Colleague: 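Below is the structure I would like to discuss, written out as structure tokens.
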Amino acid sequence: MSDYSRLLSPLDLGHVTLPNRVVMGSMHTGLEDRAEDFPKLAAYLAERARGGAGLIITGGFAPNLRGTLYPGASKLTARRELPRHRLVTDAVHDAGGRIALQLLHAGRYAYTPWCAAPSAIKSPISRFRPRALTDRGVRRQIRAFARAAGLAREAGYDGVEVMGSEGYLVNEFLAPRTNHRTDDWGGSPENRRRFAVEVVRAVRAAAGPDFVLVYRISVLDLVEDGQTWDEVTALAREVEDAGASILNLGIGWHEARIPTIVTSVPRAAFTEYAARLREHVSLPVVATNRINTPEVAEEVLASGADLVSLARPFLADPDFVRKAAEGRSDEINTCIACNQACLDHTFSKQRASCMVNPRAGHETELVIGTAPVRRRVAVVGGGPAGMAAAVTLAERGHDVRLLEGRDHLGGQFDIAMRIPGKEEFAETIRYFTRRLEVLGVDVRLSTWADAASLAAEGVEEVVVATGVEPRVPDIPGIDHPSVMTYAELVRGEREPGRRVAVIGAGGIGVDVCELLTTGRSPTLDVDAWRHEWGVGDPDATRGGVVPAVPEPSPREVVLLQRKATPIGKGLGKTTGWVHRASLRAKGVEQVTGVAEYERIDDDGLHVRLGEAGAQRRTVACDTVVVCAGQESLRTVADELADGGMTVHVVGGADVAAELDAKRAIRQGTEVAARI
Ligand code: NAP
Ligand code: SF4
């Protein structure tokens with residue numbers, strides 16, 4: 001059993017003792033925006049409190065209308081809003097937890113025509129140019145923070161977090177990039193800090209001494225003209241003097257072009273700043289970003305942080321802390337930092353959930369419970385959809401067998417985890433494999449399903465999750481020895497040459513380029529990763545931005561698609577830009593608007609380009625990798641249905657187009673929850 005003695009040790013803050021060192025970091029779920037969703041928000045947060053989170057921080061609430069992220073977004077501005085917050089604070093307290101409300105003023109990131117900032121400088125991520133606040137306007141924002149903190153206290157919160165990072169209003173005052181003022185609120189570093197310090201002072205005065213006041217401090221802006229390390233440490237000291245009780249690290253502005261939380265960012269890549277900051281203050285400091293297992297958390301605490309903040313990992317598994325405490329960390333459903341159901345949802349105004357835990361944010365709607373009748377059920381296919389279905393069926397008390405044709409579980413995740421930067425996907429296979437074992441599911445590898453033998457066992461219902469196979473397009477020469485499917489390449493069954501053409505630029509085509517152009521995965525080596533993306537030290541350069549020095553690609557790669565739209569358009573909102581930047585950095589040639597793949601021969605891949613296909617080109621290459629989507633594999637489903645079984649088809653076997661692990665896991669879980 002691992003030793004999590006640091007993680008599980010209490011922290012005395014004077015008026016309150018946190019039972020452990022784990023903060024559930026702020027995540028906007030979308031449930032914060034509408035009063036009628038607060039019962040769901042309360043259920044979601046209470047489940048995390050029961051699971052042992054030491055201190056929960058809510059999603060961001062604006063302290064006034066001007067600070068809202070978009071029209072209708074969450075805010076705490078009036079006493080009439082308090083009853084809905086009471087639902088949340090009572091539910092968390094009844095579950096034994098503690099909760100702080102995050103106060104977030106969006107500043108120039110607001111997607112509203114009424115947004116305001118220190119200076120009238122438009123951000124690259126909102127189409128609205130902010131108005132520069134007048135001196136009176138600045139003071140009004142400070143009063144709004146104080147009033148909102150007082151309301152939070154009345155609503156029963158144990159504290160507030162002042163959002164001072166990620167490029168929102170408070171952070172905008174701090175950096176010369178966004179603060180061009182020449183009055184008391186800008187110019188010198190002292191003046192730029194004044195707003196943050198006055199906000200903390202006013203919040204402390206309004207909320208009283210026995211109230212947790214977390215200040216989220218941007219230690220590494222990762223934008224040009226961000227703060228220097230001296231400015232950050234001076235701010236930390238002033239914020240401490242002004243009344244903060246905890247400093248929570250923030251990394252990178254939203255407009256930064258360096259990834260900070262996606263799956264290809266090494267684990268704990270930014271946690272060193274906690275120990276560095278601690279040398280300058282006596283407050284507890286919280287380390288953050290890409291801490292997703294108790295082992296990593298324990299190491300981060302050993303390296304000098306007082307607390308760790310985990311946000312997405314609590315979506316993936318509400319019982320993270322409880323399982324660690326019970327010596328069951330191998331049963332934790334690990335956040336794989338894919339962003340597919342959390343941040344990608346948030347940025348497209350859908351409710352945040354979790355790809356590997358579809359119950360997240362849907363606790364009152366997707367209820368697993370115990371099945372009224374225990375049945376003998378078979379699941380055919382051990383990919384994400386099948387594993388999720390089998391686990392949920394077993395949790396409901398059914399007698400479950402899982403049949404998989406290959407000699408291992410994992411399906412498409414077994415491919416994904418072999419892509420450099422996607423190593424985390426192995427954790428999901430580990431989680432489901434362990435859960436199947438704990439729940440006593442009869443897992444049969446290298447086994448093909450047939451109706452007669454299942455019927456002989458008394459199986460009445462079958463969930464078919466047989467997945468997909470790579471589509472092989474009808475191109476003359478497709479059987480040329482240079483051609484391979486992405487599955488053959490990624491599984492290492494075939495060796496690519498030095499010049500490669502990739503047909504199809506969906507998620508898998510882009511992943512394949514990542515594999516072809518990368519030697520050792522920089523995700524496994526934090527120094528290499530910093531070089532790759534240009535992450536420096538704020539002690540040496542403002543904001544910690546230095547020129548990126550990516551490792552050159554070992555291959556020449558040409559990526560092709562028929563669509564004329566830019567490559568990677570269909571990728572996730574929060575991850576697509578990272579992949580596109582990677583392709584550029586590795587010199588992958590991108591060819592769009594292929595009218596026809598004419599043929600493949602010893603010279604390479606011959607294509608016609610342009611609208612009428614008038615332009616001919618031969619892509620000279622020694623390997624062609626086909627990433628042209630997938631076809632459903634569902635013959636088993638038809639055979640079992642013909643054999644008289646009740647069949648439920650889920651995942652890629654159901655719909656191969658837009659093959660999507662998020663849908664597959666959700667569908668597998670939902671179907672199982674109804675049987
Ligand atoms: P996909 O996104 O559907 O892309 C298939 C690609 O093949 C498209 O670029 C399509 O573009 C091309 N294509 C389709 N039929 C073709 C044909 N007959 N001949 C030649 N080209 C053809 O599928 P995928 O890349 O296999 O990815 C599957 C799913 O996995 C995605 O939908 C995504 O949800 C998920 N995924 C996502 C990521 C990520 O976000 N990073 C990574 C991996 C997988 P044209 O028709 O324009 O040529
Ligand atoms: Fe983590 Fe992906 Fe779940 Fe988001 S969707 S919480 S990134 S596993």
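As the structure lists them, so they are numbered: ligands from 1, and atoms in each ligand from 1. Remember, predicted model here, so these are calculated numbers, not experimental data.
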Colleague: For ligand 1, is any non-hydrogen atom under 4.0 Å from I508's backbone (N, CA, C, O), its side chain (CB onward), both, or neither?
Modeller: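 Both backbone and side chain of I508 come within 4.0 Å of ligand 1.
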Colleague: Below the 3.5 angstrom mark, is there an N/O of Q630, backbone or side chain, next to an N/O of ligand 1?
Modeller: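 Checking ligand 1 against Q630, an N or O pair does fall under 3.5 Å apart.
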Colleague: Using a 3.5 Å cut-off on N or O atoms only, is P473 in polar contact with ligand 1?
Modeller: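 In fact, backbone or side chain, P473 has no N or O that close.
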Colleague: Can you find a non-hydrogen atom of V510 under 4.0 Å from ligand 1?
Modeller: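 So V510 does not count as touching ligand 1.
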Colleague: Just to be sure I'm reading this right: ignoring hydrogens, which of G568, G593, G506 gets closest to atom 1 (P) of ligand 1? Compare them by their nearest heavy atoms.
Modeller: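 That would be G506.
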Colleague: Looking only at distances, can you tell me whether any N or O atom of G507, backbone or side chain, sits closer than 3.5 Å to an N or O atom of ligand 1?
Modeller: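 In this structure, G507 places an N or O atom under 3.5 Å from an N or O of ligand 1.
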Colleague: So is Y597 close enough to ligand 1, meaning a heavy atom under 4.0 angstrom away?
Modeller: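 It does; at least one heavy atom falls under 4.0 Å.
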Colleague: Touching ligand 1 at all, A505? Heavy atoms, strictly under 4.0 Å?
Modeller: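 Yes, that is the case, since the closest heavy atom of the residue is under 4.0 Å from the ligand.
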Colleague: Can you classify the ring geometry of F347 versus H254 as parallel (below 30°), tilted (30 to 60°) or perpendicular (above 60°)?
Modeller: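 Taking H254 first and then F347, their aromatic rings stand perpendicular (interplane angle over 60°).
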Colleague: Is it the side chain (CB and beyond), the backbone, both or neither of K422 that lies under 4.0 Å from ligand 1, heavy atoms counted?
Modeller: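 Near ligand 1, K422 shows its side chain, while the N, CA, C and O stay back.
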Colleague: Heavy-atom count around R328 CZ within 6.0 Å, excluding the residue itself: above 12?
Modeller: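 Counting neighbours around CZ of R328, more than 12 heavy atoms of other residues, nucleotides or ligands fall under 6.0 Å, so yes.
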Colleague: If you count the atoms of ligand 1 from 1 in the order shown, which ones are under 4.0 Å from a heavy atom of L571?
Modeller: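 Near L571, meaning under 4.0 Å from one of its heavy atoms, ligand 1 has 39 (C), 40 (O), 41 (N).
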Colleague: Counting no waters, how many protein N/O/S atoms sit under 2.8 Å from atom 2 (Fe) of ligand 2?
Modeller: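 Considering protein N, O and S only, atom 2 (Fe) of ligand 2 has 1 within range.
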Colleague: Would you check if the side chain of D344 reaches a backbone N or O of G572 as a donor-acceptor pair within less than 3.5 Å?
Modeller: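 A pair under 3.5 Å: no.
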Colleague: For ligand 1, find out whether one of its N or O atoms is nearer than 3.5 Å to an N or O atom of R471.
Modeller: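 Among all N and O atoms of R471, at least one is under 3.5 Å from an N or O of ligand 1.
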Colleague: Would you find a donor on one side and an acceptor on the other, under 3.5 Å apart, between the side chain of R435 and the backbone of A390?
Modeller: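 Not confirmed, R435 side chain does not pair with A390 backbone.
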Colleague: Output the distance between atom CG (D330) and atom OG1 (T433), rounded to the nearest 0.5 Å.
Modeller: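 Result: 11.0 Å between the selected atoms.
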Colleague: Of the side chain and backbone of H579, name the one, both, or neither that has a heavy atom under 4.0 Å from an atom of ligand 1.
Modeller: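 Under 4.0 Å from ligand 1, H579 contributes side-chain atoms alone.
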Colleague: Among all residues two or more places apart in sequence or in another chain, which pass the salt bridge (Lys or Arg N to Asp or Glu O under 4.0 Å) test with E363?
Modeller: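 For E363 the salt bridge (Lys or Arg N to Asp or Glu O under 4.0 Å) partners, ignoring immediate neighbours, are R48.
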Colleague: Does K563, backbone or side chain, put an N or O under 3.5 Å from an N or O of ligand 1?
Modeller: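 Such a contact does occur with ligand 1.
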Colleague: For the residue pair S553 and E556, confirm or rule out a side-chain donor-acceptor distance under 3.5 Å.
Modeller: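 Their side chains do not contain a donor-acceptor pair, so the 3.5 Å distance test is not met.
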Colleague: Would you say T575 touches ligand 1, if touching means a heavy atom closer than 4.0 Å?
Modeller: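 No heavy atom of T575 comes that close to ligand 1.
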